[in-house]
Asker: 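Sharing a structure here in C-alpha cells format.
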Number of protein chains: 2
Amino acid sequence: MDKRTSILRAAEKLFCELGYEGTSTRSIAREAGANMAMINYYFGSKEGVFVEIMTERIKAFGAQLTVIDEDRISPMEKLKKVIEGYAERIFLNTSFHKMMHRELSLAQRPEMYEKIKGAISTNLEVFEHIVTAGIESGDFRPVDVRMLIATIMGTISNVASSPGKVTGNTLDISNPKDRDILKERLINHLKELAQTFLEPKK
Amino acid sequence: MDKRTSILRAAEKLFCELGYEGTSTRSIAREAGANMAMINYYFGSKEGVFVEIMTERIKAFGAQLTVIDEDRISPMEKLKKVIEGYAERIFLNTSFHKMMHRELSLAQRPEMYEKIKGAISTNLEVFEHIVTAGIESGDFRPVDVRMLIATIMGTISNVASSPGKVTGNTLDISNPKDRDILKERLINHLKELAQTFLEPKK
DNA sequence: CAAAACTAATCAAACGATTGATTAAGACAA
DNA sequence: TTGTCTTAATCAATCGTTTGATTAGTTTTG
C-alpha cells in the first residue's frame with residue numbers, strides 16, 4: 001500500500017474514532033507511518049483528506065445505485081435491492097457511517113459540505129427516480145417519495161447507529177454473527193414495510 | 001441574565017453549531033460577553049460547561065415524559081399522538097437534537113453517554129408498550145415492534161437533521177413557517193405509514 | 001553511453017496561530 | 001474588610017501548515 005493510500009486509511013480510521021476536530025494531522029501521519037508533510041503534499045490540507053475520503057465512498061455508493069436502476073427488473077425488486085445494498089454497505093462499516101452523519105451535521109466548513117452534499121444528492125436522485133418510476137408505471141401507489149426515502153435511510157441509519165435500541169442489548173453487536181442477524185432483521189422489516197406501504201389499493 | 005447563565009446559553013449555541021471540539025473557550029466567552037476566566041471559575045473546565053448543559057436538558061426532558069399511554073383512546077390514536085409529540089419536540093430545537101446525537105456517537109465522555117441513553121430508553125419503553133398493546137388487542141397486525149419504532153424515530157431524526165434532503169432546498173428551514181410546513185408533512189407521512197403498515201389484513 | 005537535468009517522494013525542523021487553563025490584581029457589594 | 005466577581009495578561013501545549021534539504025528514479029541531452 002502506497003503512502004497516499006495509507007494516509008487515507010489512517011485518517012479514515014481516526015476520523016471515525018475521534019471525529020474530524022479530534023484528529024490531528026500529527027496523529028494521522030503517525031498512524032499511517034508517514035511524515036506529516038505528506039498529508040499536505042498529497043491532499044493540500046487536512047480538509048482535503050476528509051473530502052477525498054468522503055467523495056470516494058459516496059461515489060462507490062452512487063455507482064451501485066445506478067447499476068440497480070438500470071437493471072431490467074420490476075420497481076419493487078429494484079427498491080428491495082436498494083434497501084439490501086444500503087443496509088449491507090452501512091453494516092459493513094458502521095463507524096464510517098456514523099462519522100459521516102456526525103461531521104455533516106455541523107454547519108461549519110461550507111465548501112467541504114457543499115461538495116459532499118452535492119455527491120449525496122446525486123445519489124438521492126437515483127433513489128428518487130426508482131420510486132417515481134414505480135409510481136408512474138402503476139406498480140406503486142402515489143406516496144410522498146422523499147419522505148419514503150427519509151424513512152428507509154433513517155431506519156437503516158438509526159438501527160446502525162444505535163443497535164442497542166432494537167436488540168435491547170441482548171445481542172453483542174461487536175460479534176459479526178449477531179450483527180448479521182440484526183442486519184437481516186432490518187432488511188426484512190424494510191422490505192415488508194415497502195411492500196405494504198407501496199402496494200396499490202384495490 | 002447573569003454571567004453564569006449567559007455562558008451556558010452561549011456555549012450551548014456554539015456547541016450546537018460547531019460541535020464540542022470546534023468550539024473554543026474564547027468564542028464562548030466572546031459570545032457570552034464574559035471573560036474567558038469566568039468559564040473555569042464557574043464550571044472548572046470546558047467539559048464542565050458541556051456536562052452542565054446536558055444534565056440541565058435531560059432533567060427537563062424527563063420531566064415532560066408523556067402520559068399518552070394512559071389516555072383512553074385507541075392504540076392507533078395513541079401511536080399518532082406519540083408521533084406528533086416526538087416530531088414537535090425535536091423540531092422545537094433541532095440543533096440541540098443534532099448535537100446530542102453527534103456527541104453521543106463519538107463515545108467519548110462515557111458518563112454523558114450513559115446518562116443520555118437512560119433518558120432515551122425510558123421513552124422507548126412507553127413507545128413499545130403502546131404498539132405491543134395494540135397488537136395484543138388485535139388493533140394492529142403483528143409486526144417487528146422495535147424495528148417499527150426505529151423507523152418512526154429514524155425518519156423523524158433523519159428529516160430533522162437534514163431537511164434539505166427532503167425539501168430539495170426549496171424551503172428555507174431557518175424560516176419558522178417553512179419549518180412548520182415540513183414538520184406537518186413529516187407527521188402526515190408517518191401517520192399514513194403507521195396506518196397502512198399496522199392495519200390488520202382481512 | 002554517460003553526464004546533466006528534471007521529477008516525485010520524503011524528511012526533520014520550524015512557522016505563526018490558537019488551544020484550554022491559570023495567574024495576580026482590581027472592582028464591587030455586603 | 002471580607003468574600004464574591006471580573007479583568008487583562010500570560011502560560012505551556014498543540015494545532016495545521018510550510019519550508020528547505022535530500023533521496024532515488026527517470027528523461028533529456030551532448
Side-chain angles (χ1 to χ4, degrees), chain A residues 1-56 99-100 102-116, chain B residues 1-56 99 102-103 106-113:
Chain A
M1 185 161 56
D2 63 2
K3 280 277 154 68
R4 202 191 110 99
T5 310
S6 66
I7 287 175
L8 279 178
R9 296 289 78 83
E12 184 176 317
K13 183 189 164 200
L14 293 173
F15 285 155
C16 286
E17 284 173 10
L18 310 168
Y20 180 81
E21 304 279 357
T23 301
S24 71
T25 51
R26 279 169 182 79
S27 64
I28 295 174
R30 199 184 315 123
E31 177 82 24
N35 188 275
M36 257 177 33
M38 302 314 299
I39 293 170
N40 300 84
Y41 176 75
Y42 282 118
F43 306 100
S45 66
K46 178 185 176 184
E47 207 174 287
V49 179
F50 185 81
V51 171
E52 179 66 24
I53 292 174
M54 298 304 274
T55 45
E56 192 182 76
M99 187 264 285
M100 193 174 99
R102 193 168 57 224
E103 303 305 333
L104 278 182
S105 79
L106 266 3
Q108 56 182 169
R109 295 189 283 276
E111 358 89 54
M112 160 165 147
Y113 292 114
E114 285 315 310
K115 224 175 176 184
I116 295 170
Chain B
M1 186 161 55
D2 64 2
K3 280 277 154 66
R4 202 192 109 98
T5 310
S6 65
I7 287 175
L8 278 178
R9 294 289 76 80
E12 183 176 322
K13 184 189 163 198
L14 293 174
F15 284 155
C16 286
E17 285 173 8
L18 311 168
Y20 179 82
E21 304 278 359
T23 302
S24 71
T25 51
R26 278 171 181 77
S27 65
I28 294 174
R30 199 183 317 123
E31 177 81 24
N35 188 277
M36 260 182 56
M38 301 313 299
I39 292 170
N40 300 83
Y41 177 74
Y42 283 119
F43 305 100
S45 68
K46 179 185 173 184
E47 186 163 332
V49 179
F50 182 81
V51 170
E52 179 66 24
I53 291 174
M54 295 309 275
T55 43
E56 195 182 73
M99 179 192 75
R102 195 165 56 223
E103 303 304 334
L106 258 173
Q108 320 276 75
R109 294 177 276 284
E111 0 96 49
M112 268 301 106
Y113 183 77

Asker: Kindly point out which of C:dG20, C:dA9, D:dG16 is positioned nearest to the side chain of A:Y41?
Answerer: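 For A:Y41, the side-chain atoms sit closest to C:dA9.
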Asker: Starting from the C-alpha separation in whole Å, work towards a yes-or-no answer on side chain to side chain contact (heavy atoms under 4.5 Å, CB included) for A:E103 and A:F50.
Answerer: CA-CA 10 Å; A:E103 303 305 333; A:F50 185 81; 3.7 Å; yes
Asker: With the threshold set at 4.0 Å, does a side-chain nitrogen-carboxylate oxygen contact exist between B:E21 and A:R102?
Answerer: no
Asker: What is the distance, rounded to the nearest whole Å, between atom CD of B:E47 and atom C1' of C:dA21?
Answerer: 14 Å
Asker: Rounded to whole angstroms, how far apart are CZ on A:R26 and P on D:dA13?
Answerer: 14 Å
Asker: Strictly distance-based, threshold 3.5 Å: is any side-chain N or O of A:T55 a donor or acceptor partner for the main-chain N or O of A:V51?
Answerer: yes
Asker: Given that A:A37 and A:T25 both sit by DNA chain D, which one's nearest nucleotide is further toward the 5' end?
Answerer: A:T25
Asker: Which nucleotide in the set D:dC5, C:dG20, D:dT17 lies at the smallest distance from any side-chain heavy atom of B:M38?
Answerer: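 In terms of side-chain proximity for B:M38, the closest of D:dC5, C:dG20, D:dT17 is D:dC5.
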Asker: Which nucleotide in the list C:dA14, C:dA21, D:dC15 gets nearest to the side chain of A:S24?
Answerer: D:dC15
Asker: Quick one: which of D:dC5, C:dT10, C:dT23 gets closest to the side chain of A:K3?
Answerer: C:dT10
Asker: What is the distance from CZ of B:F43 to C1' of C:dT22, rounded to the nearest Å?
Answerer: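 After rounding, the gap between these two atoms is 18 Å.
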Asker: What's the CG-P distance between A:L14 and D:dG16, to the nearest Å?
Answerer: 11 Å
Asker: Counting heavy atoms from C-beta on, name the nucleotide in D:dA8, C:dA21, D:dT6 closest to the side chain of B:S45.
Answerer: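 Nearest to the side chain of B:S45 among the choices is C:dA21.
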Asker: From CD of A:E21 over to P of C:dT19, roughly how many Å is that when rounded to an integer?
Answerer: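 Taking CD of A:E21 and P of C:dT19, I get 10 Å after rounding.
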Asker: Starting at CD1 of A:I7 and ending at C1' of C:dA9, how long is that distance when rounded to a whole Å?
Answerer: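 Checked: the CD1 to C1' distance equals 11 Å.
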Asker: Would you indicate which nucleotide in C:dA14, C:dT10, C:dT23 comes nearest to any side-chain atom of A:Y42?
Answerer: C:dT10
Asker: Once you round it to whole Å, what is the distance between P of C:dT18 and CE of B:M36?
Answerer: 13 Å
Asker: Students often get this wrong, so: under 4.0 angstrom with heavy atoms, is A:T23 touching a base, only sugar-phosphate, or nothing?
Answerer: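 Answer is sugar-phosphate: A:T23 comes under 4.0 Å of backbone atoms only.
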Asker: Could you check whether any side-chain heavy atom of A:L8 comes within less than 4.5 Å of a side-chain heavy atom of A:Y42, counting everything from C-beta outward?
Answerer: no
Asker: CG of B:D2 versus C1' of D:dT6: gap in Å, rounded?
Answerer: 13 Å
Asker: Below 4.5 Å, heavy atoms only, C-beta onward: do A:L106 and A:Y20 meet side chain to side chain?
Answerer: no
Asker: Closest approach to the side chain of B:N35, judged atom by atom: which nucleotide of D:dT19, D:dT17, D:dA8 is it?
Answerer: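 The closest nucleotide is D:dA8.
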